[in-house]
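Ligands are counted one by one from 1 in listed order, and the atoms in each one are counted from 1 as well. Heads up: numbering here begins at 1 and tracks the sequence.
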Amino acid sequence: MPYPPVTDAELAVLRAQLGRPARGAVGIAARCVCGNPTVVATAPRLDDGTPFPTFYYLTHPAATAAMSTLEAEHAMPELAALLDDDETRDAYRLAHESFLRDRAAYGDVPEITGVSAGGMPTRVKCLHALAGHALAAGPGVNPIGDAALARSPWSPERCVCVEPGAALREGPTG
Ligand SMILES: [Zn+2]
């Protein structure tokens, strides 16, 4: 398991970000520069048995808003056109495979075998999922997620959290 367990304080931040309790959280996959989660790693099967393909789930409100704005501004066809390039298309397929490997560490769920997120490996369907993967994996893994983040005014390098560093300040007792 690549991630340490999620603390109660982190769960509290996730709940505030999402406006509901995070389901199936198995780790914090990416963080704001202040330490708050930006992406939660989610179990491929939730406690109620539901298969959950989106292993990397974008939680930060400013990040999700930025991706929603890009989608509303019709950035997806432009980003999808990047896949006309052979190198980018190959990289996107590798990103898909990398995503599936990461998720497999948390269990094999037959219902979603070969299903990743965001439209991978050949389409661009959800910038939230692709940006979440790009943030979790780091630059150079998911070319479409990287491109979406590059177009976004939000960045994990510049904290715009409502409560900066809440996860770090509150400690593990919650
Ligand atoms: Zn922050």
Inset, instruction - First locate atom OG1 of Thr122, then atom CZ of Arg89, and finally report the distance between them rounded to the nearest 0.5 Å. - result: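 Result: 10.0 Å between the selected atoms.
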Inset, instruction - Say whether Tyr56 and Leu14 are linked into one hydrophobic cluster, either directly or through other cluster members, by side-chain heavy-atom distances under 4.5 angstrom. - result: no
Inset, instruction - Treat each ILVMFWY residue as a node, draw an edge where side-chain heavy atoms are under 4.5 Å apart, and state whether Val162 and Leu18 are in one component. - result: no
Legend entry - Whether Tyr3 and Phe55 hold their rings parallel, tilted or perpendicular, with breakpoints at 30° and 60°: tilted
Legend entry - Shell of protein N/O/S atoms around the Zn ion (ligand 1), taken as anything under 2.8 Å: Cys32 SG, Cys34 SG, Cys159 SG, Cys161 SG
Inset, instruction - Without swapping roles, check the side chain of Gln17 against the backbone of Pro37 for a donor-acceptor pair under 3.5 Å. - result: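 It does hold such a pair.
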Inset, instruction - Give a yes-or-no answer on whether the side chains of His128 and Ser68 include a donor-acceptor pair shorter than 3.5 Å. - result: yes
